[in-house]
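What you are looking at is a predicted structure, and each value in this text was computed from that prediction instead of being measured. We use all heavy atoms of the structure for the numbers below, so side chains are in, but hydrogens, waters and symmetry mates are not.
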Amino acid sequence: MTPDPHPATELQDPAQEPPPPACVISFNASDPSGAGGLAGDVSTIAAMGAHALPVVTSIVMRDTAEVFDHHEIDDDAVVEQARTILEDVTISGWKVGFLGNAETVSAVAEVLSDYADVPLVAYLPGLSWLDEEQLQPYLDAFRELILPATEVLVGSHKTLQDFLLPDWDSERPPSARELAVAAGEHGTRYVLVTGVMLASKGHEQYIDNVLASPQGALTGEKFERFETAFVGAGDTLSAALAALLAAGSELQAAVGEALSFLDQSLDAGFRPGMGNVVPDRFFWALPPAEDGEPEPGPDEPDPGFDDPKTQGAPRRVH
């Protein structure tokens, strides 16, 4: 082995280095399925060209089909993770996912309060798997402590309705604006409501995804509904939005790009196990099909597989 004739003995002058990508701290649970949680956040933020700084808030026991349990992490350990990296790295964005328990919600909120000028995207997943004695204190703390610091609250229509308007008794579902009004009462500026079911058009069914403020709907995208169950979609959307805002994108443009990224990630999704389909956040990095080997269309079966989107079929570049 020939030694390097010019060994690096000193660190390069930081002034001569290219600027780093936008850095985003994600507070979220460890998810061994790789579909959501910190694993989903890290891959999504990287795919958007930013750098993820993951802070573990809980350890979730799950597979690609369901959540079985979770183990809490001491809130002091969560804060120490965040404070340690914040002393070293300048951040441009926050992503908050599942924080584990009410005590950790309070601890994370205290960290966030010291960086009020950094945009926060908070994602509220469905937490029906939690015991009621754990769930209600968690939601109360999230409402009182995280929402006041939140720029954009992301969640499915049903989850946000149950969280923000639990006493809603009208026959019609609340609009995105009505959800934004309820969130705004706690200090949240915008909500990004996903999974709003729309009337069928022929044999196709569409869902709407709407960014709204208390003044009204601002933007959104309608997508044809996939006849497939996914896991990790909400973490993917919220992490993509956090990365785009951290990089300086304007909110409505960032929402449009994040929604498009999610749609393509789901369209190229794969099924790694026996449960649900996982988004492919790196669909854009896959090589194209070789000459003479056309790729299957979205509705064209791939030989040897029942479903080209979910069972290992060659994935296509979008």
Side-chain angles (χ1 to χ4, degrees), residues 35-36 40-41 43-45 47-50 93 95 119 121-126 150-161 164 173-180 183 188-269 277-284 297-299 309 315-318:
D41 287 348
S43 58
T44 300
I45 290 169
M48 304 308 293
K95 153 72 191 287
V121 176
Y123 169 55
L124 186 65
T150 298
E151 179 80 2
V152 185
L153 173 64
V154 180
S156 72
H157 186 272
K158 182 182 187 309
T159 298
L160 293 185
Q161 177 181 337
L164 297 169
S175 67
R177 176 186 174 277
E178 287 166 325
L179 292 171
T188 299
R189 296 186 63 189
Y190 305 96
V191 296
L192 177 52
V193 187
T194 66
V196 181
M197 301 306 298
L198 299 175
S200 298
K201 299 180 179 179
H203 297 292
E204 300 172 340
Q205 190 170 33
Y206 289 80
I207 59 172
D208 204 2
N209 306 280
V210 182
L211 175 73
S213 73
Q215 288 70 47
L218 299 173
T219 189
E221 296 286 345
K222 296 179 179 66
F223 296 122
E224 186 177 347
R225 184 175 182 271
F226 288 99
E227 294 298 331
T228 304
F230 294 95
V231 59
D235 272 320
T236 301
L237 176 61
S238 51
L241 180 58
L244 289 164
L245 293 178
S249 294
E250 184 271 332
L251 176 60
Q252 294 189 40
V255 167
E257 185 172 348
L259 285 169
S260 177
F261 177 84
L262 173 64
D263 187 54
Q264 293 177 85
S265 295
L266 297 180
D267 189 39
V277 175
V278 174
D280 184 355
R281 289 99 172 181
F282 290 92
F283 60 86
W284 48 268
D299 300 314
K309 291 182 183 176
R315 291 167 284 165
R316 55 194 178 283
V317 175
H318 293 254

Problem set entry | Contact list for residues 150-161, test salt bridge (Lys or Arg N to Asp or Glu O under 4.0 Å), sequence neighbours left out | E151-R189, K158-D162

Exercise. Among all residues two or more places apart in sequence or in another chain, which pass the side chain to side chain contact (heavy atoms under 4.5 Å, CB included) test with R225?
Worked result: M197, Q205, I207, E227

Seminar exercise, completed: So CG of L198 and CG of D208: to nearest 0.5 Å the spacing works out to 5.0 Å

Exercise. Looking only at heavy atoms, which two atoms of A212 and A180 are closest? And how far apart?
Worked result: O-CB, 3.7 Å

Exercise. Can you name the residues that form a side chain to side chain donor-acceptor pair (under 3.5 Å) with S213, not counting sequence neighbours?
Worked result: Q215

Exercise. Which pair of non-hydrogen atoms, one from T44 and one from A240, has the smallest distance, and what is that distance?
Worked result: CG2-N, 3.5 Å

Exercise. What is the minimum heavy-atom distance between A47 and F261, and which atoms define it?
Worked result: CB-CZ, 3.8 Å

For this session: Indicate yes or no: at least one non-hydrogen side-chain atom of F283 is less than 4.5 angstrom from one of D267.
Result: no

Exercise. CZ/F223 to CG/L262 distance, rounded to the nearest 0.5 angstrom?
Worked result: 7.5 Å

Seminar exercise, completed: For P174, the side chain to side chain contact (heavy atoms under 4.5 Å, CB included) test, sequence neighbours excluded, returns H157, Q161, L165, W168, E178, L179

Problem set entry | Atom of A122, atom of T150 and distance for their closest heavy-atom approach | CB-OG1, 3.7 Å

For this session: Identify the heavy atoms of L160 and G155 that sit nearest to each other, and give their distance.
Result: CD1-O, 3.6 Å

For this session: With sequence neighbours excluded, tell me which residues meet ring-ring contact (aromatic ring centres under 6.0 Å, His included) with Y123.
Result: none

Seminar exercise, completed: side chain to side chain contact (heavy atoms under 4.5 Å, CB included) filter on T194, not counting sequence neighbours, yields S156, N209, L237

Problem set entry | Qualifying residues under side chain to side chain contact (heavy atoms under 4.5 Å, CB included), relative to A35, sequence neighbours excluded | D31, S33, V231, V278

Exercise. Tell me, which pairs form a salt bridge (Lys or Arg N to Asp or Glu O under 4.0 Å) where one or both residues lie in residues 238-247, sequence neighbours left out?
Worked result: none

Exercise. Is there any side chain to side chain donor-acceptor pair (under 3.5 Å) pair reaching into residues 231-242, and which pairs are they, with sequence neighbours excluded?
Worked result: N28-D235, K95-D235, K95-S238, T236-R281

For this session: Name all residues meeting the ring-ring contact (aromatic ring centres under 6.0 Å, His included) criterion together with Y190; count only those two or more places apart in sequence or in a different chain, and write none if there are none.
Result: none

Problem set entry | From CG (L164) to OG1 (T188), nearest 0.5 Å | 8.0 Å

Problem set entry | Within-4.5 Å side-chain heavy-atom neighbours: D263 and E221 | no

Under 3.5 Å donor-acceptor pairs involving side-chain atoms of residues 250-258, not counting sequence neighbours:
from : atom 1 : to   : atom 2 : distance (Å)
E250 : OE1    : Q252 : N      : 3.2
E250 : OE1    : A253 : N      : 2.9
E250 : OE2    : Q252 : N      : 3.1

Problem set entry | Closest approach of V191 to A176 (non-hydrogen atoms, all atoms of both residues) | CG2-O, 3.8 Å

